[in-house]
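Structure record follows, encoded as structure tokens.
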Amino acid sequence: MNWRNITGFILLGLGTALWFLAFAYRMLITSDIPVNFTPEESALAQRFFIVSGIIVLIGTLLTKSKGFYLLSLGIYGSIAIFGWLNKSWYAAGAEYYSAEYARLNNASIYVPSALALINLIYLLVSVWKNPERLHRSV
């Protein structure tokens with residue numbers, strides 16, 4: 001492994017840990033009954049999600065490995081799918097579902113969705129540029 005791959009995997013781990021920290025913070029501020037949080041708390045959680053996405057994106061740009069693209073696509077694709085399911089089944093229609101809650105909820109879904117899409121594009125481009133390496137081990 002070269003330094004680019006090692007740095008990419010470190011940034012993937014750091015970004016994923018920060019995403020889970022932001023998710024835990026979001027759960028903490030929305031756990032009150034009734035749900036009551038300030039716009040500053042919501043903005044802080046949204047910034048955590050965006051910074052975690054930027055960290056993982058930098059790791060993706062540094063790494064030129066199909067295995068990294070597949071790993072990141074799997075992690076963030078599954079987070080995005082479960083986030084969409086959670087959003088559509090759990091919170092929609094609840095009395096606390098306001099515009100601020102929707103923005104907070106969407107930040108935790110849109111960042112992983114964008115990362116999964118970017119990694120899918122990188123994976124397809126890397127396979128398209130080098131089709132003879134498609135059957136080699138990842």
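Just so you know, residue 1 is the first one in the sequence shown, and it goes up from there. Side chains are part of it too, since the values below use all heavy atoms of this structure and drop only hydrogens, waters and symmetry mates.
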Please report the interatomic distance [atom1]([X]) to [atom2]([Y]), rounded to the nearest 0.5 Å.
{"X": "Ile58", "Y": "Leu11", "atom1": "CD1", "atom2": "CG", "result": "7.0 Å"}
{"X": "Trp19", "Y": "Arg26", "atom1": "CH2", "atom2": "CZ", "result": "7.5 Å"}
{"X": "Leu18", "Y": "Phe23", "atom1": "CG", "atom2": "CZ", "result": "14.0 Å"}
{"X": "Ile6", "Y": "Trp3", "atom1": "CD1", "atom2": "CH2", "result": "10.5 Å"}
{"X": "Asn5", "Y": "Leu12", "atom1": "CG", "atom2": "CG", "result": "12.0 Å"}

Determine, stepwise, if the pair Leu73 / Tyr69 fulfils side chain to side chain contact (heavy atoms under 4.5 Å, CB included).
CA-CA 6 Å; Leu73 177 64; Tyr69 300 149; 5.9 Å; no
Mind listing the side-chain donor-acceptor pairs of residues 117-124 below 3.5 Å, one per line with the distance, residues two or more places apart or on another chain?
{"from": "Asn119", "atom 1": "OD1", "to": "Thr60", "atom 2": "OG1", "distance (Å)": "3.4"}
{"from": "Asn119", "atom 1": "ND2", "to": "Ser72", "atom 2": "OG", "distance (Å)": "2.8"}
{"from": "Asn119", "atom 1": "ND2", "to": "Leu115", "atom 2": "O", "distance (Å)": "2.9"}

Nearest atoms (heavy-atom pairs only) where [X] meets [Y]:
{"X": "Gly15", "Y": "Tyr76", "answer": "C-OH, 3.7 Å"}
{"X": "Val111", "Y": "Gly53", "answer": "CG1-CA, 3.7 Å"}
{"X": "Leu61", "Y": "Arg4", "answer": "O-NH2, 3.9 Å"}
{"X": "Ala80", "Y": "Ser113", "answer": "CB-OG, 3.3 Å"}
{"X": "Phe48", "Y": "Ala22", "answer": "CB-CB, 3.2 Å"}
{"X": "Gly8", "Y": "Phe68", "answer": "O-CE1, 3.3 Å"}

Shared hydrophobic cluster for Leu57 and Leu70 (ILVMFWY, side-chain gaps under 4.5 Å)
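Leu57 clusters together with Leu70.
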Ignoring hydrogens and geometry beyond distance, is a side-chain donor-acceptor pair present between Arg103 and Ser42 at under 3.5 Å?
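No, no side-chain donor-acceptor pair sits under 3.5 Å.
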Without swapping roles, check the side chain of Thr16 against the backbone of Gly13 for a donor-acceptor pair under 3.5 Å.
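Between the backbone of Gly13 and the side chain of Thr16 there is no qualifying donor-acceptor contact (under 3.5 Å).
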